[in-house]
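Just so you know, residue 1 is the first one in the sequence shown, and it goes up from there. As the structure is a prediction and not an experimental result, all values here were calculated from the model.
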Amino acid sequence: MSSYPRSHADQARLAHANDPTWWRQAVVYQVYPRSFADSNGDGIGDLRGVLSRVPYLASLDIDAVWLSPFYPSALSDGGYDVDHYRDVDPRLGTLDDFDALVDQLHRHGIKIIIDVVPNHSSDRHAWFQEALTGGRGSSARERYLFREGRGEHGELPPTDWAALFGGFAWTRVDDGQWYLGLFTPHQPDWNWNNADVREDFLRTLRFWGDRGVDGFRVDVAMGLAKDLRDPLPSWEMIAPGLAILKGLVFEDPFEEGQHPLFDRDEVHDIYAGWRAVFDSYSPPLFAVAEAWVAPHRRVRYASAQSLGQAFNFDLLTAPWRAADVAAIAKHNLELAARAGSSSTWVFSNHDVVRHATRLGLPDGADTRRIDGVESEVGLRRATAATLLALALPGSAYLYQGEELGLPEVADIPPEQWQDPMAHLDDGVVVTRDGCRVPLPWTTGGVSFGFGDRAPHLPQPEWFGSLSVEAQTGTDDSTLSLYRAALRIRRELRTDESVRWLDLGDDTIAFSRRNGWTSITNFAASPLPLPHGRVLVSSLPLTPDGKLPGNATVWLRSDPGQV
């Protein structure tokens with residue numbers, strides 16, 4: 001076994017390698033592998049590219065890497081259309097490359113979490129191809145959700161349901177039956193009442209657990225259990241319960257936990273079987289649910305009998321107002337405590353507009369549309385928000401490139417769109433591609449250090465000025481701020497208690513048990529600060545020692561005062 005010098009941070013992470021509660025206050029960095037680093041010059045990021053950047057990841061002082069899908073895929077939905085759950089896309093590498101990446105991350109004391117996509121497969125999956133050839137009544141079709149059509153000759157879909165990414169939710173096959181694909185026709189939904197499906201996913205969890213994976217991010221975790229007994233309800237009845245997927249809430253005509261498609265109570269029977277697999281490892285495998293459900297329903301996904309932790313997405317749509325953010329923070333800490341879990345704090349990921357852009361939008365603006373952005377204000381608010389989240393008890397999830405202050409790339413030409421949801425809205429591009437543009441590593445070159453040829457999504461000319469190379473060694477850069485904050489956070493890590501302080505209506509302030517305080521100023525005018533030594537601040541204090549507007553500071557106080 002090879003060896004190399006380990007940093008103090010590596011040693012600190014390794015010291016907690018077998019701690020079963022490592023995830024409760026972890027910093028998890030999401031890597032979207034196709035846009036992280038390209039090792040072979042084909043324009044697509046790959047596992048060896050990620051491997052080459054492990055020293056960079058270690059320099060951020062993170063606890064874990066969450067690796068977005070790297071499985072064989074037609075990329076109908078950015079890799080979330082999975083052809084094979086226990087393999088690596090040849091364009092991204094091999095299983096040996098994956099094993100090498102796990103090994104190197106673990107040598108730095110960094111855990112690895114991978115995406116698992118259990119709601120649907122791709123239409124190229126071997127079992128779906130078998131279902132197509134197997135015909136009506138075959139056991140292969142029972143693994144998916146096939147139904148007869150309506151109309152005299154079955155020419156109409158079983159229901160009028162819409163797909164979440166546009167178009168219809170039902171697709172007809174050659175023999176006249178229809179299958180359900182709630183996202184796209186290329187992503188047929190699994191039938192989780194089928195024993196084959198349940199057992200095969202347990203096999204998948206064990207396969208990756210045996211390869212050293214520390215946990216899973218569960219895609220569309222609320223979608224597995226479905227009730228498709230006749231008569232099937234209309235779209236008019238179904239749609240209100242799906243509004244939460246867009247950050248909206250409407251009155252649902254179905255009883256809680258009984259919507260036909262999402263967040264049914266029996267989904268946790270499935271996860272109880274997963275939990276038995278997780279707990280067979282030492283330490284137990286970790287899981288976090290992507291569950292777009294009402295906040296009080298997240299408790300079930302975050303329980304120790306289910307997945308253990310669930311994403312809190314409330315901050316993705318929250319306005320930049322102290323009262324709103326404080327209410328979200330307090331409520332989610334209460335919910336996590338009720339579940340026996342820890343809360344999660346998320347501002348950016350591969351599905352939403354980067355928060356350096358989103359927080360620069362006018363109040364009340366549609367966050368899917370990014371016209372009218374005040375970029376300087378957005379970045380100030382974004383770094384203030386991140387420092388606030390890092391100070392709170394719980395796990396912080398960071399998205400690749402946010403440590404560089406990357407904004408959303410808003411001007412990708414339509415002919416280069418890859419997102420199946422991409423469209424024009426009154427002349428404005430609405431797409432997830434803007435947050436998936438490959439990272440800039442150097443100030444110049446054909447792809448700013450991403451690889452040796454033009455990347456799969458176009459980078460803007462100004463990307464080099466925000467690159468890792470441009471920001472390294474610069475004290476006032478966003479990258480330097482993240483590195484300092486993450487290092488200090490590790491040094492200050494304490495129990496999960498928090499004491500809220502009242503410093504004014506435009507302020508969120510709280511202290512932690514071991515004598516430090518976080519203060520965020522949401523106002524435009526500077527804020528007088530209590531006595532304390534500055535540990536890190538998202539903006540320099542004013543000459544008279546006040547905290548500027550749209551900024552967060554951490555202060556060290558006398559531990560005896562807390």
Side-chain angles (χ1 to χ4, degrees), residues 23-28 244 247 249 288-289 291-299 301-302 309-349 352 355 358-359 363 367 380-399 402 485-486 488-489 492-514 516-523 527 530 535-538 547 549-555 562:
W23 52 270
R24 293 189 65 93
Q25 296 197 76
V27 175
V28 182
I244 197 168
V249 178
V288 58
W292 290 91
V293 299
H296 72 279
R297 297 284 295 177
R298 284 199 294 266
V299 172
Y301 296 86
Q309 192 180 66
F311 281 125
N312 153 30
F313 292 129
D314 299 344
L315 293 173
L316 297 181
T317 56
W320 183 250
R321 288 195 293 268
D324 295 86
V325 176
I328 288 171
K330 292 175 182 178
H331 186 49
N332 278 280
L333 288 172
E334 292 169 1
L335 291 174
R338 191 188 310 170
S341 183
S342 63
S343 189
T344 60
W345 311 111
V346 183
F347 284 105
S348 287
N349 63 35
V352 300
H355 69 296
R358 190 175 70 248
L359 294 178
D363 285 347
T367 57
R380 288 173 63 142
R381 289 176 174 176
T383 52
T386 296
L387 255 63
L388 167 61
L390 290 174
L392 286 165
S395 296
Y397 284 80
L398 310 179
Y399 179 52
E402 72 168 82
L486 293 170
I488 294 168
R489 182 186 190 271
L492 295 175
R493 192 173 295 172
T494 182
D495 65 28
E496 296 176 38
S497 63
V498 59
R499 176 187 171 205
W500 298 98
L501 307 173
D502 184 2
L503 296 183
D505 291 342
D506 292 323
T507 305
I508 293 180
F510 53 90
S511 60
R512 299 294 300 273
R513 179 75 68 181
N514 56 346
W516 64 287
T517 299
S518 173
I519 302 170
T520 303
N521 181 13
F522 286 74
L527 174 75
L535 297 174
V536 65
S537 180
S538 63
L547 180 64
N550 297 314
T552 296
V553 66
W554 297 352
L555 298 176
V562 179

Original post:
Can you name the closest pair of heavy atoms from Leu359 and Arg381 and give their distance?
Top reply: O-NH1, 3.0 Å

Original post:
Do any N or O atoms from the side chain of Arg512 and from the backbone of Asp495 form a donor-acceptor pair under 3.5 angstrom?
Top reply: yes

Subject >> Note, Val288 side chain near Tyr397 side chain (heavy atom, < 4.5 Å) >> reply: yes

Subject >> Distance, nearest 0.5 Å, that separates CG of Leu555 from OG of Ser511 >> reply: 11.0 Å

Original post:
Any side-chain heavy-atom pair from Phe510 and Thr520 closer than 4.5 angstrom?
Top reply: no

Subject >> Atom pair CG/OG1 of Leu501 and Thr507 - distance to nearest 0.5 Å >> reply: 10.5 Å

Subject >> Reported CG-to-CG distance for the pair Leu527 and Asp506, which is rounded to 0.5 angstrom >> reply: 9.0 Å

Original post:
Taking Arg358 for the side chain and Phe347 for the main chain, is one N or O donor matched with an acceptor at less than 3.5 Å?
Top reply: yes

Original post:
Just by modelled atom types, is the Gly504 backbone N or O under 3.5 Å from a matching donor or acceptor in the Asp502 side chain?
Top reply: yes

**OP:** Would you sort out whether Thr386 and His355 count as a side-chain contact (heavy atoms from CB on, under 4.5 Å), showing the intermediate values?
**Re:** CA-CA 10 Å; Thr386 296; His355 69 296; 3.2 Å; yes

**OP:** Any chance you could measure Leu535, atom CG, to Ile488, atom CD1, to the nearest 0.5 Å?
**Re:** 5.5 Å

Original post:
Counting N and O atoms only, with roles assigned by atom type, does the side chain of Arg24 sit under 3.5 Å from a partner on the main chain of Ser395, one being a donor and the other an acceptor?
Top reply: no

Original post:
What distance separates Thr383 OG1 from Glu402 CD, expressed to the nearest 0.5 Å?
Top reply: 10.5 Å

Subject >> N/O donor-acceptor pair under 3.5 Å between Asn521 side chain and Leu547 backbone >> reply: yes

Original post:
Would you say the side-chain atoms of Arg489 pair up with the backbone N or O of Leu390, donor to acceptor, closer than 3.5 Å?
Top reply: yes

**OP:** Give the minimum heavy-atom separation between Val299 and Ala339, together with the two atoms involved.
**Re:** O-CB, 3.6 Å

Subject >> Separation between CD1 of Ile328 and CG of Leu335, rounded to the nearest 0.5 Å >> reply: 11.5 Å

Original post:
Closest heavy-atom contact between Tyr399 and Ser348?
Top reply: CB-O, 3.6 Å

Original post:
Looking at Ser342 and Ala336, what are the two nearest heavy atoms and their distance?
Top reply: C-CB, 3.5 Å

**OP:** Measure across Val325 and Pro319 and return the closest heavy-atom pair with its distance rounded to 0.1 Å.
**Re:** CG2-O, 3.8 Å

**OP:** Please test Arg298 against Asp314 for side-chain contact (heavy atoms from CB on, under 4.5 Å), starting from the C-alpha separation and ending with a verdict.
**Re:** CA-CA 12 Å; Arg298 284 199 294 266; Asp314 299 344; 3.1 Å; yes

Original post:
Can you tell me if Asn312 uses its side chain to pair, donor with acceptor, with the backbone of Trp345 under 3.5 Å?
Top reply: no

Subject >> Whether Thr552 side chain and Ala384 backbone form a donor-acceptor pair below 3.5 Å >> reply: yes

**OP:** Report yes or no: does Arg380 contribute a side-chain atom to a donor-acceptor pair with the main-chain N or O of Gly549 at less than 3.5 Å?
**Re:** yes

Subject >> Minimal non-hydrogen separation, Ala551 against Ser538, with atom names >> reply: CA-OG, 3.3 Å

**OP:** Take Asn349 and Phe311, measure what side-chain contact (heavy atoms from CB on, under 4.5 Å) needs, and give me the verdict at the end.
**Re:** CA-CA 11 Å; Asn349 63 35; Phe311 281 125; over 6 Å; no

**OP:** For side-chain contact (heavy atoms from CB on, under 4.5 Å), just list the numbers for Thr344 and Val28, CA-CA rounded to whole Å, side-chain angles, deciding distance to a tenth of an Å, and then say yes or no.
**Re:** CA-CA 10 Å; Thr344 60; Val28 182; over 6 Å; no

